[in-house]
Amino acid sequence: MIALRSELPLKGDTSSRFVVWLVMVLVFMASIALTTNAYIGALLFHWNQSVTGTLTIQIPVMLDAKDPASTATTERVLDVLNRHPAVERATAVPREKVTELLKPWFGAGEAVADLPLPVLVDVRLSTSEPSAINAVSNSVQSTAPGAVIDDHRAWLNRVIGLAEGLGAIAITAMALVTIALGLTIVFATRASLAEFAQVIDVLHVVGAKDGYIAGQFARRALVQSLIGGGAGLLLYAPTLGFIAWLASRIEPGILPDISFPASHWVVLAALPFLAGLIATITANVTVRRALSAKV
Amino acid sequence: MIALRSELPLKGDTSSRFVVWLVMVLVFMASIALTTNAYIGALLFHWNQSVTGTLTIQIPVMLDAKDPASTATTERVLDVLNRHPAVERATAVPREKVTELLKPWFGAGEAVADLPLPVLVDVRLSTSEPSAINAVSNSVQSTAPGAVIDDHRAWLNRVIGLAEGLGAIAITAMALVTIALGLTIVFATRASLAEFAQVIDVLHVVGAKDGYIAGQFARRALVQSLIGGGAGLLLYAPTLGFIAWLASRIEPGILPDISFPASHWVVLAALPFLAGLIATITANVTVRRALSAKV
Amino acid sequence: MAQLRKKSDFVGDTVQLEDVGLRYADGPEIFSNVSLAIPQSSFYFLTGPSGAGKTSLLSLMYLAKRPTRGRLKLFGDDVTDAKRSRLPAIRRRLGVVFQDFRLLEHMTAFDNVALPLRIAKVSEATVEKNVTELLKWVGLEEFMQARPSVLSGGQQQRIAIARAVVHRPKLILADEPTGNVDDTIAFRLMQLFVELHKLGTSVIIATHNEHLVSRFAFPRLHLKAGTLTAMPPATGAES
Amino acid sequence: MAQLRKKSDFVGDTVQLEDVGLRYADGPEIFSNVSLAIPQSSFYFLTGPSGAGKTSLLSLMYLAKRPTRGRLKLFGDDVTDAKRSRLPAIRRRLGVVFQDFRLLEHMTAFDNVALPLRIAKVSEATVEKNVTELLKWVGLEEFMQARPSVLSGGQQQRIAIARAVVHRPKLILADEPTGNVDDTIAFRLMQLFVELHKLGTSVIIATHNEHLVSRFAFPRLHLKAGTLTAMPPATGAES
Ligand SMILES: Nc1ncnc2c1ncn2[C@@H]1O[C@H](COP(=O)(O)OP(=O)(O)OP(=O)(O)O)[C@@H](O)[C@H]1O
Ligand SMILES: Nc1ncnc2c1ncn2[C@@H]1O[C@H](COP(=O)(O)OP(=O)(O)OP(=O)(O)O)[C@@H](O)[C@H]1O
Ligand SMILES: [Mg+2]
Ligand SMILES: [Mg+2]
């Protein structure tokens, strides 16, 4: 009962609102940063996933579709691939699909129908190890020299670089937020110490111990951080919704719909408590330091 | 001299630091939002610029390069185009360049050398009006039926949609920042009013007018906003540099190097003063309201 | 400082209360039906037990509160319902010593005392001269640049008195102005009030100090149980 | 509340100063070579002109400052260089009335008075009983739930005194405890101190009130120009 009674006013002074506001902003920023990071991670995983373990092989034979030699080369390559241990499945891309892919270049006219087209083979690997890709590549090359093998990684690597950069910014933001939170609490606690100098004097004179006074400040900081942190999350929810709505309205499908793992939400929900923890410890240390300079 | 003397302490109280900090954060966010918006605007302009007024025409003739019929059609189309009032210049894309474009599909082998390729014509228009594009399109169609005309706008429109969405977010952020600034000042001024209740009482009793007291608070708010705003800009500069560095490191050339117009920097430099103006007016109104409830 | 006194040609009562009552929020009335006329150049003690309402009565006169009932006139002006914008001019003709001093902590002793002059836009040279002189009189010339918090209780009280009289007000309202000083200083401070009184200022001093009241031959207003009674000067006291 | 007094079996002086000097920051010494022994269950007045250092001397005794010179013992313990962690226990045996009251503005009168008991973790039932009783004694039972700011000066002073004595301290240090109350209440408050003194508490009262000093037959410590002089009780006064 006595432990819960506060000798410091929690409301009504400026520094307490200051902490509540700043923690709100900080938790808000942290949650946005976390989500950005998680989204980028998920996006990379998604892209990787849709690309990893697939190859496209282009057999450089400019032969007529009905030409048996062309068919023979294709058959041979398919045979080699399908017997390869690292390959799950290899299929020739149907001529119609290749025609489709070339339409931007040749139009849809009958001209294409008679055109000798390259043969494309889609390969799904059973593994994504680079060594397996090399092995497959080698055996295709020896069967059909000059075959072009595309593991789709060139463009992906560029995008991954960009996304990882954004992720780094998000992580940096998180680190800055943590530091800012600590500084805020130190600074607000010092301000409170000044603001409550007389209250502290009186508590001292009536025999309160440093731990007791520090505890009062720490509890205040805890409550303020929890309130501020909760408010930050409350602010975060509609913001996320708004951004998702904007994104969906602008370009449906350009960004895949990603559902975050439960752990993400757990971490988000833990943010106010994390802020509370940081606040409690910081306030305690700050007050004890300041008090130890007194008589 | 007397007008510059402050009867309120500027430093040392919590609400003043609160304002300085929050204005810093707000100006920082506003400057980031402004820059994002300006960058997106410039990007759109850049893209539009590089695309507007150009067409690519694909003539669907699958004829050998040395075939005179093919050459004739091409000549005819070029002739029609170059005499068209809306066309500045029309040139056939050299065969080497078309070969280059097709390399992903046919490889660099000698197979391509003998391939019958479509003829591409690059057209630079002297205007970007849709009606002109239609007129050009019609005359090309009548000369070479089945020609495919690409004004490059399909993909651009999608990207523009996305970028405009981001711009809307930036603008929303700006609006929120302005509102937040106003609220902050109202709130901090009220806190100060409480904090300085006794100072205000004394000023009242010695005959200070409301305008005088409000002026003191307004000046405080002004100075605090200028300090906070300046700090926000100081924070903004290295952040912009850091983001630019990250972007350049990750993917040089994916985002064009854009230099902002001088007006952008002027607006940014004006932010602290804008914040100061908002702060001054808000503080003045808040204090006068509060005081008018007194005797 | 002639400009501060240019209305000194007015004749009549400095303070006039007619059937005044005061209550805080929804509490009971602190006092009721108080009628009172303080003539120009008069000197009164205001006495009464702790909690009787002395400070509250003074706060009506320095316009920090409005009476909840009755009428109040200051310098002949009815200020009961006066517009706020009219009050600063009237307040500048008052000098108030608060029971709890109310010094401004972020200013030096000098600046605290200079405050009423600076608010009235008196020239800085005059401020310098008058404030220094007055601080010497109250025995604090050494402490001109000290912040109130480093001063002793009695020193703070003297700063508060100096601030109340520095602009030669027409009416001085002092609430327990000698509660924290010894008799020698108390007498010196009383002399200051008496001097000003002789120059034409009206003075009302709320005090618990019977010794003080009995030493000076000034009439007394006694506030008790919500009623104000006028009492004659103590006999045999100096004036 | 026996647990609060369990060290009461100690014998010797309550306060002992040996050649004590004090200066603020780099200012001059407020006083020097002050030697003094306050025996158990004694009662002293501390007098001297405003600014002599009475409040400063008391602040040494309630451990808000350390002497810059000399040695200080409280309840037989040398606290001159005592570790901070030892001080709270000693402070809980003190009761202090500040010259400027220092009531906690965000608490009711009741909670202000209850503070020393709650810090000492006394049961809430005892707190309730003792605080109520004491507030009745000082005549403020109606104001238990009031905030200090709505109380009159004298009412605040009585709250400050109640807070200083509620935990039955071994040593009471009161700084001008009757500066804002009339003689009737002042006498009643003095009676409270005298009662506690008779129960074994040592009391030191800093005051300017010559009337008070001459009315009670207690010895006086006079501080002037940095020197402390012990003076005998006023003759013919009650005790
Ligand atoms: N702001 C306030 N709100 C509510 N009640 C108040 C307020 N100020 C004073 N009171 C009450 O009004 C009564 C008179 O207070 P006032 O300060 O005028 O007394 P006083 O005669 O000056 O007493 P003292 O001699 O102790 O200073 C007291 O009971 C007090 O509690
Ligand atoms: N915190 C401080 N810093 C510097 N000087 C101080 C401080 N507190 C007090 N002093 C100075 O020390 C001297 C003694 O002050 P103190 O308050 O002890 O006097 P006092 O005897 O209690 O006076 P009073 O009767 O007026 O209350 C004064 O000159 C004062 O200015
Ligand atoms: Mg009073
Ligand atoms: Mg003192």
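Predicted model only: the values in this text are computed from it and were never measured. Lettering follows sequence order; numbering is per chain, from 1.
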Kindly compute the distance separating [atom1] ([X]) from [atom2] ([Y]), expressed to the nearest 0.5 Å.
{"X": "A:Tyr212", "Y": "D:Lys121", "atom1": "OH", "atom2": "NZ", "value": "7.0 Å"}
{"X": "D:Ile119", "Y": "A:His204", "atom1": "CD1", "atom2": "NE2", "value": "10.5 Å"}
{"X": "D:Phe98", "Y": "A:Gln198", "atom1": "CZ", "atom2": "CD", "value": "8.0 Å"}

Problem set entry | Contact leader toward chain A among D:Arg66, D:Glu105, D:Arg91, where contacts are heavy-atom pairs under 4.5 Å | D:Arg91
Problem set entry | Close contacts, residues 283-295 of chain A versus chain D, judged by heavy atoms under 4.5 Å | A:Leu291, A:Ser292, A:Lys294, A:Val295
Problem set entry | NZ/D:Lys65: more than 12 non-hydrogen atoms of other groups inside 6.0 Å | yes
Exercise. Just wondering, are more than 12 heavy atoms of other shown residues or ligands nearer than 6.0 Å to OH in D:Tyr24?
Worked result: yes
Quick check: closest heavy atoms across [X] and [Y], and the distance to 0.1 Å?
{"X": "A:Val206", "Y": "D:Arg92", "result": "O-CG, 3.8 Å"}
{"X": "D:Arg102", "Y": "A:Asp201", "result": "NH1-OD2, 3.9 Å"}
{"X": "D:Pro88", "Y": "A:Ala208", "result": "CG-O, 4.0 Å"}

Exercise. So A:Val205 and D:Leu94, side chain to side chain contact (heavy atoms under 4.5 Å, CB included) or not? Walk me through it.
Worked result: CA-CA 8 Å; A:Val205 168; D:Leu94 302 173; over 6 Å; no
For this session: Can you tell which part of D:Ile90 gets under 4.5 Å to a heavy atom of chain A, answering side chain, backbone, both or neither?
Result: neither
